[in-house]
Number of protein chains: 2
Amino acid sequence: MSGKVLSLKNRVPGMRREIDLAGLDFSNCPVRDMMQHIGGKWSTLLLEVLAARPCRFGELRRMLPDISQRMLTQTLRDLQRDGYIHREVFPTKPPSVEYSMTELGRSLYQPLSQLLNWAEANHEAVREARLRFDSAES
Amino acid sequence: MSGKVLSLKNRVPGMRREIDLAGLDFSNCPVRDMMQHIGGKWSTLLLEVLAARPCRFGELRRMLPDISQRMLTQTLRDLQRDGYIHREVFPTKPPSVEYSMTELGRSLYQPLSQLLNWAEANHEAVREARLRFDSAES
DNA sequence: AGTGTTAGTCTCTTTTTGAGACCAACGTCA
DNA sequence: TGACGTTGGTCTCAAAAAGAGACTAACACT
């Protein structure tokens, strides 16, 4: 809540934004709050699939073979709650449910996809770093 | 491992990369593998702080008041293992340890910071979406 | 001798995640 | 008619991960 905010932008090259290093308050940090959800095991995966096209529940379940129904339901509900995806029930028998990206979700997907691209591009470097680390600590 | 990869780039506008929607294999997915770590509760926070300047262990602990020492140690070790940060021990008495960003870490921080900026900018929209959701489901 | 500093580790409890059985309502096929 | 499949979930219980906090070793200062 309190604490002097000192802009590092002018001192540290490449700094992205103001960081409060003296009396930093991360407790009500919006970034952490949102990264919690985005960073969940299944969230990005679902956003990625739904960014391609709307999908129904069972379809998603079949696409992600190793997700439990419980976690699929829960992750979808979390994403819906945060306004990233839309849930629509069609009155078929039995009723079918379609999940699709919202505008907010699409706008999130832009920076997110950059990060995913980075991950894909640098996967090998990370794997090598892990090997180095694991062999060094033995 | 197997499964035909169909490029959606040419069909779905704005598609970021190839997605295998028929026989999708997320099991050995590098993206998931890396997002797991980045998405951890403390990882982004630490990367953000260390992107500003190198820090010592106790310094980090004091900056993040609500992190347990156990999780701080563990998260730092994970980030180090993945090659994002560097750990250097100085032979003072008692020995001090400094953590700093590696080149890989800095390159990760670029797309990551875009996402964090998005989170910061759209925090209000997400909060509103949550309120709508929570009041609707009651 | 007692206290504080360093960077951790160890143990125990609580929270989160995962596996899988179960549900209601309808459609299909014999 | 009655068994079986399909829909999108919920419920329970076990396993894994995270958090709180006590404890450590080696040295400095008082």
Side-chain angles (χ1 to χ4, degrees), chain A residues 26-29 32-46 49-50 54-82 85-100 133 136-138, chain B residues 26-27 29 32-47 49-50 54-82 85-100 133 136-138:
Chain A
F26 285 123
S27 317
N28 78 341
C29 173
R32 174 155 81 179
D33 179 40
M34 301 175 68
M35 285 304 290
Q36 279 296 217
H37 289 109
I38 299 310
K41 183 164 181 181
W42 305 104
S43 309
T44 35
L45 225 43
L46 284 173
V49 170
L50 291 176
C55 290
R56 292 179 47 191
F57 184 86
E59 208 171 0
L60 292 169
R61 179 159 42 96
R62 281 186 293 276
M63 275 183 192
L64 283 59
D66 53 347
I67 192 174
S68 65
Q69 243 170 303
R70 185 184 166 280
M71 284 313 290
L72 180 53
T73 306
Q74 200 172 100
T75 308
L76 285 170
R77 193 145 27 236
D78 285 349
L79 293 175
Q80 186 197 351
R81 190 173 105 99
D82 283 10
I85 64 177
H86 172 69
R87 176 179 184 272
E88 188 156 10
V89 183
F90 293 97
T92 56
K93 313 259 169 146
S96 55
V97 178
E98 190 184 78
Y99 292 90
S100 57
F133 183 91
E137 51 107 46
S138 68
Chain B
F26 286 122
S27 317
C29 172
R32 174 155 81 178
D33 180 40
M34 300 174 68
M35 286 303 291
Q36 277 297 215
H37 289 108
I38 300 309
K41 182 164 180 179
W42 304 105
S43 310
T44 35
L45 225 43
L46 284 172
L47 286 174
V49 170
L50 291 175
C55 289
R56 290 178 50 191
F57 184 87
E59 208 171 359
L60 292 169
R61 177 159 43 95
R62 282 187 293 277
M63 275 185 193
L64 282 59
D66 53 345
I67 193 174
S68 65
Q69 249 172 302
R70 183 185 167 282
M71 284 314 289
L72 180 54
T73 305
Q74 200 174 98
T75 307
L76 285 170
R77 192 145 27 240
D78 285 349
L79 292 175
Q80 185 197 354
R81 190 172 103 99
D82 283 9
I85 65 176
H86 172 69
R87 177 179 183 272
E88 188 155 10
V89 183
F90 293 99
T92 57
K93 311 260 169 150
S96 55
V97 178
E98 190 184 79
Y99 292 91
S100 57
F133 184 89
E137 51 108 47
S138 67

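Sequence lines set the chain letters: A, B, ... in the order given, protein chains first and strands last, and positions in each chain run from 1.
No engagement by A:F90 is indicated, since no non-hydrogen atom pair under 4.0 Å with the nucleic acid exists.
Between B:D66 and A:R32 there is a salt bridge, since at least one side-chain N of the basic residue sits less than 4.0 Å from a carboxylate O of the acidic one.
A donor-acceptor contact shorter than 3.5 Å is absent between the side chain of A:Q80 and the backbone of A:R77.
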Run the side-chain donor-acceptor check on residues 35-46 of chain A: report pairs under 3.5 Å with partners two or more places apart or on a different chain.
from, atom 1, to, atom 2, distance (Å)
A:H37, ND1, A:D33, O, 3.4
A:H37, ND1, A:D82, OD2, 3.4
A:H37, ND1, B:R130, NH2, 3.3
A:S43, OG, A:H37, O, 2.6

Atom pairs and distances, side-chain donor-acceptor, residues 86-98 of chain A, under 3.5 Å, sequence neighbours left out:
from, atom 1, to, atom 2, distance (Å)
A:R87, NE, A:Y99, OH, 3.2
A:T92, OG1, A:P94, O, 2.9
A:T92, OG1, A:S96, N, 3.2
A:T92, OG1, A:S96, OG, 3.2

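Between the CZ atom of B:R61 and the SG atom of B:C55 there is a distance of 13.0 Å, given to the nearest 0.5 Å. A distance of 9.5 Å separates OG1 of B:T75 from CZ of B:R70, quoted to the nearest 0.5 Å.
Contacts of B:Q74 classified as side-chain hydrogen bond (donor to acceptor under 3.5 Å, both in side chains), with partners at least two apart in sequence or in another chain: none.
Within the 4.5 Å cutoff, no side-chain heavy atoms of A:L50 are placed close to those of A:L79.
Of all nucleotides listed (C:dA7, C:dT9, C:dC26), C:dA7 comes nearest to the side chain of B:V97.
Contact footprint of chain A on DNA chain D: nucleotides with an atom under 4.0 Å from a non-hydrogen protein atom, first to last in 5' to 3' order, D:dT6 to D:dT12.
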Could you encode protein contacts along nucleotides 15-22 of chain C as a string, one character per nucleotide from 5' to 3', using B for base contact, S for sugar-phosphate-only contact and - for no contact, with a heavy-atom cut-off of under 4.0 Å?
-> --BBB---
